[in-house]
Amino acid sequence: MGVSGAGKSTIGEMLAKFMNGSFLDADDYHPLSNKEKMHKGIPLTDEDRIPWLETLQDTLRESLISGKFVILGCSALQKRYRNILRSADPNYDVGSYASVVKFVLLDAPAEVLAARLEKRAAEGNHFMPAKLLQSQLDLLQIDELEGIFKVDATLSPQTIISIIYTWIFPPQENKNL
C-alpha cells in the first residue's frame with residue numbers, strides 16, 4: 001500500500017513472483033470514470049473509491065476462499081478503506097485488525113515520489129499526475145494499532161522484497177541454543 005509512486009506495482013509484481021503467488025494491481029480495477037478524473041487532476045472522492053474498494057474486496061475474497069496467495073497493490077490510504085479490504089477475509093472480526101489480509105506501507109519522501117511520478121508521466125506510463133500526490137499524502141492515515149508494516153521505499157526492490165518476505169515468514173529461532 002501507499003501513495004502513487006511508492007512502488008506498489010513494481011514491488012507487488014516482484015513479491016508475487018518470488019512467492020509463487022499472483023499480483024493484482026488495484027489500478028486495473030478502477031472504472032474509466034475514476035481514471036478520467038485522476039488524469040484531469042481531480043482527486044477521487046469516497047463516492048468514487050468505495051465501489052472500487054468493494055470490487056477489490058470481492059476479488060480478494062474469491063482468492064482467499066479458493067486458497068490462493070495473492071498480493072494486491074492498492075493505495076489503501078485510510079483505515080476505513082483498509083477495513084473494506086480486510087473484510088475480504090471471511091473470518092475477519094470488524095475492528096479487530098486480525099485478518100489474513102496484511103498491509104505493507106511503502107514509504108518514501110514526497111520529493112522521491114514526485115520525481116517518480118514525473119518520470120512515469122513523461123514516459124506516458126500512468127494516468128495519475130504528479131499534481132495529485134499532495135492530495136494522497138494528505139489523505140494517508142496510519143494507525144499504529146493496525147499493525148501495518150512500514151518499509152523504506154527508497155531501498156532497492158530486491159532489498160524491499162527480502163524485508164517483506166522476512167516479515168511474512170520470520171526465521172525460526174534455534175531452539176537448541
Visitor: Return the CD1 to NZ distance between I161 and K17, rounded to the nearest 0.5 Å.
Guide: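 Output value for this atom pair is 11.5 Å.
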Visitor: Between the side chain of K8 and the main-chain N/O of V3, is any donor-acceptor distance below 3.5 Å?
Guide: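 Flag set: sc K8 to bb V3 pair under 3.5 Å.
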Visitor: Nearest 0.5 Å, what's the CD-OH distance between Q57 and Y92?
Guide: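 That separation rounds to 11.0 Å.
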Visitor: For T154 and P109, which heavy atoms make the closest approach, and how far apart are they?
Guide: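 Of all heavy-atom pairs spanning T154 and P109, the closest is CG2-CD, 3.8 Å.
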Visitor: Transitively linked via ILVMFWY side-chain contacts under 4.5 Å: L140 with I148?
Guide: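 Yes; tracing contacts between hydrophobic side chains, which count when under 4.5 Å, links both residues.
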Visitor: Tell me whether S162 contacts the main-chain N or O of Q158 through its side chain, where contact means a donor paired with an acceptor under 3.5 Å.
Guide: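 Side chain of S162 to backbone of Q158, a donor-acceptor pair under 3.5 Å: no, none is there.
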Visitor: Hey, what do you get for CG (L85) to CD (E54), rounding to the nearest 0.5 Å?
Guide: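 With rounding to 0.5 Å, CG (L85) is 10.5 Å from CD (E54).
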Visitor: Same cluster or not: are L72 and M19 linked, directly or through other Ile, Leu, Val, Met, Phe, Trp or Tyr residues, by side-chain heavy atoms under 4.5 angstrom apart?
Guide: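 Shared cluster, no.
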Visitor: Of the non-hydrogen atoms in L106 and A6, which two are nearest, and what is the gap between them?
Guide: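 Smallest heavy-atom distance, with atoms named: O-CB, 3.4 Å.
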Visitor: So L44 and H30, do their side chains get closer than 4.5 Å, heavy atoms only?
Guide: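 The answer is yes, as the side chains (C-beta and beyond) meet within the 4.5 Å cut-off.
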Visitor: Within a strict 4.5 Å, meaning less than it, do heavy atoms of the F149 and I163 side chains meet?
Guide: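 SC-SC contact between F149 and I163 confirmed.
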Visitor: With the 4.5 Å side-chain cut-off for hydrophobic clustering, are L105 and L155 part of the same group?
Guide: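 No, L105 and L155 fall in different hydrophobic clusters.
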Visitor: If I compare all heavy atoms of S156 with all of T159, which pair ends up nearest, and what's the gap?
Guide: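 Looking at all heavy atoms of both residues, the closest pair is OG-OG1, 2.8 Å.
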Visitor: Show, in sequence, the C-alpha distance, side-chain angles and deciding distance for E146 and F103, and conclude whether the side chain to side chain contact (heavy atoms under 4.5 Å, CB included) test is met.
Guide: CA-CA 9 Å; E146 290 183 82; F103 293 90; 5.6 Å; no
Visitor: Taking all atoms of both residues into account, what is the closest heavy-atom pair of A88 and L60, and its distance?
Guide: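 Shortest heavy-atom contact: CB-CB, 3.5 Å.
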Visitor: If we count only N and O atoms by modelled type, under 3.5 Å, do the side chains of D48 and T45 hold a donor and an acceptor together?
Guide: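 Judged by distance alone, the side chains do pair up.
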Visitor: Does the plane of the ring in Y165 sit parallel, tilted or perpendicular to the ring in F18? Use 30° and 60° as the thresholds.
Guide: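 Ring orientation of Y165 relative to F18: perpendicular.
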Visitor: What's the spacing between I65 CD1 and D89 CG if we round to 0.5 Å?
Guide: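 It is 9.5 Å, given to the nearest 0.5 Å.
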Visitor: Could you tell me whether the side chain of T55 and the main chain of P51 form a donor-acceptor pair under 3.5 Å?
Guide: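 Yes.
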Visitor: Is the closest side-chain heavy-atom distance between Y81 and I50 below 4.5 Å?
Guide: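 When only atoms from C-beta onward are counted, I50 and Y81 do touch, with a gap below 4.5 Å.
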Visitor: Between Q78 and Q141, is there a donor-acceptor pair closer than 3.5 Å when you use the side chain of the first and the backbone of the second?
Guide: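 No; zero donor-acceptor contacts below 3.5 Å.
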Visitor: Testing the basics here: between W52 and C74, what is the closest heavy-atom pair and its distance to 0.1 Å?
Guide: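 Shortest heavy-atom separation between W52 and C74 comes out as CH2-SG, 3.8 Å.
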Visitor: Does I11 form a side chain to side chain contact (heavy atoms under 4.5 Å, CB included) with I71? I'd like the steps, not just the answer.
Guide: CA-CA 10 Å; I11 299 302; I71 302 289; over 6 Å; no
Visitor: Could you see if L24 belongs to whatever hydrophobic cluster contains V100? Use Ile, Leu, Val, Met, Phe, Trp, Tyr and a side-chain cutoff under 4.5 Å.
Guide: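 Result: yes, single cluster for both.
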Visitor: Please check if the side chain of R82 supplies one atom and the backbone of A76 the other of a donor-acceptor pair under 3.5 Å.
Guide: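 The answer is yes, because a donor-acceptor pair under 3.5 Å joins these two groups.
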Visitor: To check you understand the geometry: which heavy-atom pair defines the closest contact between L145 and Y97, and what is its length?
Guide: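 Scanning both residues completely, I find the closest heavy atoms to be O-CD1, 3.4 Å.
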Visitor: Report whether V151 and I142 are members of the same hydrophobic cluster (ILVMFWY, side-chain heavy atoms less than 4.5 Å apart, transitive linking).
Guide: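 No, V151 and I142 fall in different hydrophobic clusters.
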Visitor: Let me see the working for N83 and V94 under side chain to side chain contact (heavy atoms under 4.5 Å, CB included), right down to the final yes or no.
Guide: CA-CA 7 Å; N83 280 337; V94 178; 5.6 Å; no
Visitor: When rounded to the nearest 0.5 angstrom, what is the spacing between CG in D25 and CG in L56?
Guide: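 One finds 9.5 Å between CG of D25 and CG of L56.
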Visitor: Check for a donor-acceptor pair, side chain of K102 on one end and backbone N or O of S99 on the other, with a separation under 3.5 Å.
Guide: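 A pair under 3.5 Å: yes.
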Visitor: Would you say the side chain of L137 lies within less than 4.5 Å of the side chain of L113, judging by non-hydrogen atoms?
Guide: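 A side-chain contact under 4.5 Å exists here.
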Visitor: Kindly compute the distance separating CZ (R49) from CZ (R80), expressed to the nearest 0.5 Å.
Guide: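 CZ of R80 is found 8.5 Å from CZ of R49.
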Visitor: Closer than 3.5 angstrom, by distance alone: can the side chain of R116 be matched with the main-chain N or O of S4 as a donor-acceptor pair?
Guide: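 Not at all, since once roles are kept as given, no pair shorter than 3.5 Å links the two residues.
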